[in-house]
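Shown next, in structure tokens, is the structure this report addresses.
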Amino acid sequence: MTNVLILGAAGQIARLAEQQFLAETDSKLTLYLRNAQRVADLKSDRVTVIDGDTTDVEKLTQAMQGQDVVYANLAGKNIKAQAETILKAMHTTGLKRLIWISTLGIYDEVPGKFGEWNNATLGSYLTTYYSAAEVLENSDLDYTIIRPAWLTDKDEIDYETTGRHDAFKGTEVSRKSIAALVVKLAENPSESIRESLGVNKPNTDGDKPAWY
Ligand SMILES: NC(=O)c1ccc[n+]([C@@H]2O[C@H](COP(=O)([O-])OP(=O)(O)OC[C@H]3O[C@@H](n4cnc5c(N)ncnc54)[C@H](OP(=O)(O)O)[C@@H]3O)[C@@H](O)[C@H]2O)c1
């Protein structure tokens, strides 16, 4: 049984991961989020809810007591500050394992015309997300950084991964696939340690995501 702390627990991928954790594992979940009433539907003896912001280092440190894995499903211009606060709280509690959702393109690893379009479309979001990933890569944590392709809400689990120094593949991936990868990593604590994984749906190469 794994104790999983989910930060940004009302996020779209996080909600799908929570459903999968509860249906497919015996993990206990601590849901940490702002406006916590948004997860009231997940009432269970395996679920604890904490209303908090990830820039609140004291509350975060408290929430980390007794956890095995931290899964951060966060966003925002202050994402680097959030990464620094999480790192500080993990150091205080002695926690090592972190699963972190980032984005494709942070290393300029997306090749060809799609890479050019991705860079132009995402702009400074990429450097902001890179600076957060860098905080983790320069740390002593057992992190896995996940870099999803453009996200869809398709009801499918269908993905492949690329490594930190590989060219990114494909253009899209479902949120449900990313949730499945998160659950697999949380349940297998020695998998993909200190790795940064590109994640895409196979055979979706193109100059843009199909819906653009
Ligand atoms: N859209 C794409 O195609 C794409 C592709 C690759 C990667 N991504 C990235 O993947 C990540 C996850 O995706 P998603 O669809 O699950 O995103 P999402 O629904 O926007 O979830 C992000 C969550 O972060 C929470 N958050 C932000 N700042 C916080 C703080 N200070 N304290 C606590 N919670 C905070 C937000 O909470 P509030 O609701 O309280 O603001 C939100 O629930 C995002 O960073 C997204 O940018 C997106």
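In what follows, residues are counted from 1 in the order of the sequence shown. We count ligands from 1, going down the list as the structure has it; atoms in each ligand are counted the same way.
Note: Phe114 and Trp117 have parallel aromatic rings, judged against thresholds of 30 and 60 degrees for the angle between ring planes.
For atom 31 (N) of ligand 1, the closest heavy atom belonging to the protein is Asp53 OD1, 2.8 Å. Protein heavy atom at the shortest distance from atom 5 (C) of ligand 1 is Ala149 O, 3.4 Å. In terms of protein heavy atoms, atom 37 (O) of ligand 1 is closest to Arg34 NH2, 3.9 Å. Of the protein's non-hydrogen atoms, Gly11 CA, 4.2 Å is the one closest to atom 42 (C) of ligand 1. Nearest protein heavy-atom contact of atom 27 (C) of ligand 1 is Ala75 O, 3.3 Å. Among protein heavy atoms, atom 15 (O) of ligand 1 sits closest to Arg175 NE, 2.9 Å. Ranking protein heavy atoms by distance to atom 39 (O) of ligand 1, first place goes to Arg38 NH1, 2.8 Å.
With a 4.0 Å cut-off on non-hydrogen atoms, Ser102 touches ligand 1 through its backbone and not its side chain. Neither the backbone nor the side chain of Arg147 comes within 4.0 Å of ligand 1, counting heavy atoms alone. With a heavy-atom cut-off of 4.0 Å, Thr54 touches ligand 1 through backbone and side chain alike. Under 4.0 Å from ligand 1, heavy atoms of Asn73 appear from its side chain as well as its backbone. Counting heavy atoms closer than 4.0 Å to ligand 1, residue Tyr32 contributes nothing at all. Here Glu172 has no heavy atoms under 4.0 Å from ligand 1, in either its backbone or its side chain.
Taking both residues in full, the closest heavy atoms of Ala83 and Leu136 are given as CB-CD2, 4.4 Å, listed atom of the first, atom of the second, then distance. Shown here for Ile106 and Ala133, the closest heavy-atom pair between the two residues is CD1-CB, 3.7 Å.
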Less than 3.5 Å apart, which donor and acceptor atoms pair up between the side chains of residues 203-212 and the rest of the protein, not counting sequence neighbours?
{"from": "Thr204", "atom 1": "OG1", "to": "Thr171", "atom 2": "N", "distance (Å)": "3.1"}
{"from": "Thr204", "atom 1": "OG1", "to": "Lys201", "atom 2": "O", "distance (Å)": "2.7"}
{"from": "Asp205", "atom 1": "OD1", "to": "Gly170", "atom 2": "N", "distance (Å)": "2.8"}

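The residue from Leu16, Leu33, Leu151 that puts a heavy atom closest to atom 1 (N) of ligand 1 is Leu151. Nearest residue to atom 34 (N) of ligand 1 from Ile13, Asp51, Leu74, Ile101 is Leu74 (criterion: closest heavy atom).
Residues passing the side-chain hydrogen bond (donor to acceptor under 3.5 Å, both in side chains) test with Gln12: none are found, sequence neighbours excluded.
Judged by the 6.0 Å distance and 45° axis criteria, Arg194 is not positioned over the aromatic ring of Tyr143.
The closest side-chain heavy-atom distance from Trp100 to Ile146 is not below 4.5 Å.
Judged by distance alone, the side chain of Ser139 and the main-chain N or O of Leu141 form a donor-acceptor pair under 3.5 Å. At least one donor-acceptor pair under 3.5 Å links the side chain of Gln82 to the backbone N or O of Ala75.
Assignment of Pro209 to the shell around ligand 1 is not supported, since no heavy atom sits closer than 4.0 Å. Under a 4.0 Å heavy-atom criterion, Pro148 is in contact with ligand 1. The closest approach between a heavy atom of Asn35 and any atom of ligand 1 is not below 4.0 Å.
Within a 6.0 Å radius of NZ in Lys154, more than 12 heavy atoms belonging to other residues, nucleotides or ligands are found. For Glu58, the CD atom sits in a loose shell: 12 or fewer heavy atoms of surrounding residues, nucleotides or ligands are nearer than 6.0 Å.
Under the 4.0 Å criterion applied to side-chain N and carboxylate O atoms, Arg34 and Asp53 are assigned as salt-bridge partners.
Close N/O approach between Thr103 and ligand 1 is not found [any backbone or side-chain N/O within under 3.5 Å]. For a threshold of 3.5 Å applied to N or O pairs, the pair formed by Tyr125 and ligand 1 contains at least one separation below that value. Distances between N or O atoms of Gln12 and those of ligand 1 include at least one value under 3.5 Å.
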For Glu195 and Arg164, run salt bridge (Lys or Arg N to Asp or Glu O under 4.0 Å): C-alpha distance rounded to whole Å, both residues' side-chain angles, the deciding distance at 0.1 Å, then the answer. CA-CA 7 Å; Glu195 285 187 22; Arg164 166 71 174 81; over 6 Å; no
